[in-house]
> 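Before anything else, here's the structure in question.
Residues take their numbers from the sequence shown, with the count starting at 1. Atom set for the values below is all heavy atoms of this structure, side chains included, hydrogens, waters and symmetry mates excluded. Model, not experiment: these values are computed from the prediction.
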Amino acid sequence: MEIGKALPYGSWPSPVTPRGVAAASASLGDGAQYVLGRPWWAESRPDEGGRVTVCRQSPDGSTQELLAAPWDARSRVHEYGGGAWTAVGETLVFVQYDDQRLYRLTPGGSPEPITPAVDPALSVRFGDLSASHDGSHVICVRETLAAQDVVRDIVSIPVDGDGGDSGKVEHLAGGSRFVAFPRQSPDGSRLAWISWEHPQMPWDGTELRISERDEHGGYGAPRVVLGSTTESVLQPEWLDGGSLAVISDRSGWWNLYRLTLGSDGPEAPHPDRPEALHPGEHEVGGPLWKLRPRWFGVLPGNRLLAVRTRGVDTLCLVDLATGTVRDLDLPGLETVTLVDVEAEGSRALIVGGGAREPRGLRQVDLETGAVTPVRLLTEGFPSAAYLSPAQPRTFVDEQGREVHAIVYAPHHPTVQGPADEQPPYVVMAHGGPTARSTVLGTASIAFWTSRGVGVLDVNYGGSTGYGREYRERLRDMWGVVDVADTALAARRLAEAGEADPRRLAVQGHSAGGWTVLASLATTDVFAAGISSCGVTDARLMAEHTHDFESRYLDGLIGPLPETDKLYEERSPLAHVAGVTAPVLLLQGLDDPIVPTPLAEAFRAELERHGVPHQYVAFAGEGHGFRRADTVARCLELSLDFLGDALGFVPAPAGSPA
């Protein structure tokens, strides 16, 4: 094929196949850590039903799988899980997905339970695992679900437990609806953690609590040392001298602070005012959807290593003694997650990638700046020639409000579009809605752009990474601001002559699915929509979703029953009569977060109003599709659906490019 040959947008031949995208959908989302100087990490296996295994780097640099099938290290605390494993010495302790018990595994051995089986009337789950100060126990969050209530607390479990004695699970702290980030001080004399109550979400307001060891060896009554219902405090970490480094958004941005603690005696001084360590209009922090995220780590020499965000991510070293900050150069890496720092060394583990760099686990030498791969997710990852350069953009509405987005224009090494044709675009609305899209070239984006279909990824008002004011634009306004901002970004791109205004589609998952359906019902911008596990009815969502999100809508729409009418007015289900564009609904039949009845109610209304649609449900899938077959099938359905809706004929999958 000659260089620069013109073919209609959407019909370009592409080597990026649905099966290739499925292979590339593996993740490294549950952390990594140094174990005796060697990296260990968790990774998902789409071709094994999405199970999560734990691997380690061998001395020769090769990968050794520690957790063989069918073992599956996944937590269900808050349903989203997080922190499902840790290493104590060379012993792996993990949460097994099907029974949610804790198991230990010594390399070369077989997993053995260290927590007891529970009464079938209860569901006991564990997450946010870490080793105790002396390495004899695991400290973690326990979630106990009975028929009428949920209790969460922080517990200690001996690594050498036999799994048959319920007394081995020791309660350490609790007293609030939610707990996270349990952190023992280096000598074990203090315990710090984060707590919050309904109706707050952890990005709305949390408290940092501290307990002291008592004479019986347990922890006494906690005291609140930072935070409130309007201040989000995250990730306490102990520093030398008994002070804490912590994240707070008290300035309007999640920033780093140092907190010097007073004693809790009757004549004790109040804890010192938090000292800002790296203040500025940037975020060191994010939404606590999963347990045990890390935005900074404590290094020897009175230093912190942190990820600073404002649209793109920067890894930086903060010297606590001098207050100086040094940014590290990570060529090509625009999305970075810090997962571990070497406690006694000068290395760190990060997960990330860029517009043309594959996602993966990498090691950073903090002295030389050298970045070396540990585990890159290259399976199914396209050649850089087929990856579209990312263009962070800011669009402005008539009132001067900014909307942030990332543009991935159609891109192909040997094909271009006709001079007299503008490309179709898929406009992405991320989930959450308290979340953000990052600059990250993925096979799923290249699947579209290499075929001549652009991707516009919108960080609508309510997204994180741009400060609390931007995040709170969505307060009481879900279904309004997200819809308006997504439509605005699409319109502005078309007005600039970069997209065909008649061939704009909108796609989203979960809360993004709500934005898709609301956009189709209340705007005329989009010619088609794809909703995956999307929220269709706010009232049903509030009634049927899990405990973690059961009061989320208080802040997004309003409290019930006072705003019941507003729930109906905002819900896409109430406005199906306004939908004229075709709709593709994709749903997991085992979804505990957006249950199947929400999708089926919307499908019934589409049928009643005669709206063209497809509804495809997948057995064995939950909130987000993990199995390779499902991921590939969804892409096949989406390509055929958008080809029909936007008027292009896709080239056969995998055709020569």
Side-chain angles (χ1 to χ4, degrees), residues 1 3-27 44-47 50 332 334-335 353-360 376-391 406-417 423-428 437-457 499 503 505 507 509 528 530 532 584 586 624-646 648-657:
M1 186 176 293
I3 299 295
K5 181 175 181 179
L7 290 175
Y9 289 109
S11 68
W12 299 356
S14 171
V16 187
T17 66
R19 285 286 165 186
V21 176
S25 66
S27 74
S44 67
R45 297 286 172 83
D47 58 348
E334 294 139 309
T335 295
R356 293 189 167 185
E357 288 290 333
R359 292 173 299 139
L376 299 186
L377 298 176
T378 55
E379 296 89 343
F381 192 74
S383 160
Y386 291 91
L387 292 168
S388 175
Q391 305 170 50
I406 307 161
V407 177
Y408 300 89
H411 182 83
H412 196 288
T414 61
V415 180
Q416 61 185 358
Y425 260 79
V426 177
V427 181
M428 302 288 188
S437 295
T438 61
V439 177
L440 191 63
T442 63
S444 58
I445 290 175
F447 179 82
W448 296 110
T449 57
S450 64
R451 285 173 166 78
V453 179
V455 172
L456 174 63
D457 210 349
R503 295 195 292 170
Q507 179 175 356
H509 168 260
I530 302 172
S532 172
L584 174 60
L586 305 170
F625 304 139
R626 304 178 62 86
R627 300 177 177 179
D629 288 347
T630 306
V631 173
R633 181 63 180 144
C634 288
L635 281 172
E636 293 166 354
L637 290 165
S638 298
L639 182 60
D640 289 343
F641 172 76
L642 290 188
D644 290 341
L646 303 185
F648 61 83
V649 179
S655 54

> Quick one: closest heavy-atom pair of S44 and R626, and the distance?
CB-NH2, 4.3 Å
> For Q416, which residues count as a side-chain hydrogen bond (donor to acceptor under 3.5 Å, both in side chains) partner, sequence neighbours excluded?
none
> Between S11 and V649, is there a donor-acceptor pair closer than 3.5 Å when you use the side chain of the first and the backbone of the second?
no
> Check whether any side-chain N or O of H412 sits under 3.5 Å from a backbone N or O of P13 as a donor-acceptor pair, and report yes or no.
yes
> Do the non-hydrogen side-chain atoms of S437 and M428 ever get within less than 4.5 Å of each other?
no
> First locate atom CG of D640, then atom CD of E636, and finally report the distance between them rounded to the nearest 0.5 Å.
8.0 Å
> My understanding is that only residues two or more places apart in sequence, or in another chain, count here; which of them pass side-chain contact (heavy atoms from CB on, under 4.5 Å) with A385?
S383, P413
> Using a 6.0 Å distance limit plus a 45 degree cone around the ring axis, check whether R451 lies over the aromatic ring of F447.
yes
> Taking all heavy atoms of F648 and all of G10, pick out the closest pair and write down the distance.
CD1-O, 3.3 Å
> Could you tell me whether a side-chain N or O of T17 sits under 3.5 Å from a main-chain N or O of G20, the two making a donor and an acceptor?
yes
> Check A26 against P46 and note the closest heavy-atom contact, atom names and distance.
N-CG, 3.6 Å
> For T449 and S388, does a side-chain donor sit closer than 3.5 Å to a side-chain acceptor?
no
> At what distance, to the nearest 0.5 angstrom, does CZ of R503 lie from CG of L642?
11.5 Å
> Answer yes if the ring centres of H411 and Y386 are under 6.0 angstrom apart, and no otherwise.
no
> When rounded to the nearest 0.5 angstrom, what distance separates CD in Q507 from CG in D457?
10.0 Å
> CZ of R633 to CZ of R627: how many Å apart, nearest 0.5 Å?
16.0 Å
> Counting distance only, does the side-chain N/O of R356 pair as donor-acceptor with the main-chain N or O of L387 below 3.5 Å?
yes
> Can you name the one residue among P410, S638, P424 that meets side chain to side chain contact (heavy atoms under 4.5 Å, CB included) with W448?
S638
> Using 0.5 Å steps for rounding, measure from the SG atom of C634 to the CG atom of D629.
11.0 Å
> Under a 4.5 Å cut-off applied to non-hydrogen side-chain atoms, are P358 and L377 in contact?
no
> Backbone N or O of A355 within a donor-acceptor pair of the E334 side chain at under 3.5 Å?
yes
> Report the distance from atom CZ of R359 to atom OG of S25, rounding to the nearest 0.5 Å.
8.0 Å
